[in-house]
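Report on the following structure.
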Amino acid sequence: MDTTEIMVVVGGVVLVGFVVWFFFLSEGERAAARVGEGVQRIRVVVKGGYSPDVLVVKRGVPVEIDFYRDEASSCTEQVVLPDFRISRMLPAFETTSVTFTPDREGKFTFTCGMGMVHGQLVVEN
Amino acid sequence: MSMNGALPMTPVYFEAAAVIIALILLGRLLEAGAKGRTSEAIRKLMGLQARTARVVRADGRHEDVPVEEVAPGDVILVRPGEKVPTDGRIVEGSSTLDESMLTGESAPVVKGPGDEVVGATVNGAGAFQFRATRVGRDTVLQQIVRLVEDAQGSRAPVARLADTVSGFFTPAVIIVAVVAFVVWFVAAPVETRLAEALVRFVSVLIIACPCALGLATPTAVMVGTGRGAEAGVLIKGGEALETAHKVRTVVLDKTGTITAGKPGVTDIIAADEFGAGERHGFEKEEARAAVEDVRRGAVEDELLRLAASVERGSEHPLGSAVVRRAEEQGLRLAGAENFRALAGRGVEAEVEGRRVLVGSSRLMTERGVEVGGLGARAEALAAEAKTPVFVAVDGRAAGLVAVADPVKAESKDAIAALKKLGLEVVMMTGDDRRTAEAVARAVGVERVLAEVLPEGKAAEVKKLQAEGKRVAMVGDGINDAPALAQADVGIAVGTGADVAIEASDITLVGGSLGGVVTAVMLSRRTMRVIKQNLFWAFVYNTLGIPLAAGALYPLTGWLLSPVFASAAMALSSVSVVANSLRLKKFRV
């Protein structure tokens with residue numbers, strides 16, 4: 001193996017490590033909801049993913065998540081919260097509000113329509 | 001070989017790049033078009049909403065207003081051929097209405113004053129005025145739209161597996177692409193190693209299609225639930241769909257499901273001792289017989305009157321049948337004091353100073369009332385599929401009132417169809433055994449659970465589940481709620497306007513049992529499509545990625561060019577959506 005090949009191998013290993021870290025180990029962006037007028041609000045920007053992607057809310061208080069979809073690619077055109085039986089279409093470059101009241105504690109995943117992009121809803125007491 | 005001393009041309013891949021981009025975009029276009037069609041059903045539902053309503057103001061003026069401005073209590077005029085703008089109750093006039101867009105039943109329904117009408121149905125040849133009861137988001141149509149929308153986003157358990165895989169998919173593919181790059185870079189001859197490595201890298205990234213996996217279930221659920229909604233079968237979600245196809249036993253609640261839920265009095269039989277009052281001496285036989293007839297009629301009326309006076313306080317459909325008959329005969333009902341409803345057994349009260357008991361034979365036995373010859377009469381009535389109701393006055397048997405609930409016309413065929421699908425059909429009712437068995441015989445049900453108390457229904461479902469079967473329960477959304485919740489699949493039948501019933505997994509908007517057949521067949525077909533999609537998506541990726549990475553090269557010399565990779569990828573997601581669209585053609 002000449003030097004270039006060794007460099008490529010090392011580079012490959014580093015890249016693989018980075019991929020593993022990025023997808024599995026790095027903590028998502030966490031945000032807590034702002035409470036006002038009896039409703040908890042969070043704004044989430046949808047662009048290739050959800051930002052923030054970990055949403056912390058309180059149980060029993062109505063939640064309003066404002067999804068602003070900053071892109072037009074078809075992957076993220078739908079957001080789904082299967083545990084609360086919610087699915088909404090998100091028109092491109094618009095804000096869509098999803099309102100519901102979380103009645104139980106725990107960590108719930110929400111995803112795009114195809115299940116590729118994830119976020120997490122954390123409901124605390 | 002070089003020409004004119006020029007260096008050999010290194011491939012530039014312009015055409016490959018252009019074709020790849022074109023194919024990927026084409027794939028996206030086809031996919032978007034196909035996905036757009038999956039939500040057609042919901043768009044059609046939303047399009048059923050009327051735009052304007054002709055409101056009749058208090059001064060008699062007619063005013064056309066946008067339907068958003070209609071308030072509950074407004075009186076609205078509907079002319080022939082018009083769409084009913086919102087939900088309400090007819091106050092004047094009558095007509096036939098086409099409700100097929102909501103219930104899936106094509107037969108028009110005749111409605112008159114006092115009947116409920118549903119927004120988005122189409123009026124026939126008559127004109128009528130109705131008072132709006134529900135507007136905007138509360139109407140049946142909007143409830144259905146919301147229900148179907150949420151159902152289409154729900155996840156069937158089988159899809160959760162695919163979702164988990166999707167989560168790992170992207171990083172896994174990137175890693176495979178990187179590894180392929182490294183391996184080919186090292187293994188290939190120096191002149192071509194960069195090109196070969198890059199081509200493998202790009203091919204893997206292109207051909208890996210998590211979209212196919214991610215689309216497999218949601219698209220099928222969308223088309224399936226949309227199709228169901230068109231037929232008046234509202235499926236609450238992917239989970240309901242999946243469980244429905246595993247069901248082996250169907251429990252049908254008798255009243256309101258197999259029967260029309262409109263019982264009517266068929267016979268009134270007075271006990272010999274009741275009303276045996278004065279005996280007159282008669283010389284002529286005909287005169288005596290005539291007076292006897294009149295006396296008998298009067299006694300039966302008295303029996304009915306007493307029973308109805310007690311039943312006036314009851315909410316049970318049997319009770320209302322008795323009251324209705326008494327009112328039809330113009331009898332004047334008396335006030336009832338100390339009314340008590342004894343669940344599953346009957347009712348009792350004091351009427352004109354006498355203690356009157358109305359209920360089942362079990363109640364009579366409990367209270368120590370000797371029924372004598374009435375017992376045999378009751379059994380005979382039961383064998384005719386009628387429900388015998390005993391009446392006792394001051395502790396003594398006074399007579400029998402027989403009530404029959406007509407079986408719905410389509411019940412027998414629907415039950416036969418369910419059995420043909422391989423399901424065991426069980427009938428459950430609070431009626432007494434003889435009556436229940438007679439009804440069961442009439443509709444073709446072999447297994448009967450009779451004399452089930454209202455609070456015992458859920459327990460009966462549990463017992464069936466303990467036999468190791470998945471049980472579907474079909475019943476009234478309100479009265480049978482606990483049993484519906486206990487069942488693996490709860491199917492609520494046409495409780496009229498309140499379609500978003502929490503306890504049920506599937507709601508049949510029309511009242512017909514045929515909807516159960518449709519629900520089961522649709523869920524089986526949808527699950528089959530989901531499995532086909534998932535299989536295809538898995539196979540495609542498991543074969544395609546190694547092929548693109550060049551893993552088969554050492555063995556077979558097969559390589560995948562990026563152009564083919566992009567064509568394959570475009571096709572794979574489109575074919576998954578197209579396969580799901582086949583569900584649109586579903587017919588019972």
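Quick note on labels: first sequence line is chain A, next is B, and so on, each numbered from 1.
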What is the distance from atom CD1 of Ile175(B) to atom CZ of Phe18(A), rounded to the nearest 0.5 Å?
12.0 Å

Does any part of the side chain of Val186(B), heavy atoms only, come nearer than 4.5 Å to the side chain of Val9(A), both counted from C-beta?
yes

Contact part of Thr4(A) toward chain B, heavy-atom cut-off under 4.5 Å: side chain, backbone, both or neither?
both

Count the heavy atoms of every other residue, nucleotide or ligand shown that sit under 6.0 Å from CZ of Phe168(B), and state whether that count exceeds 12.
no

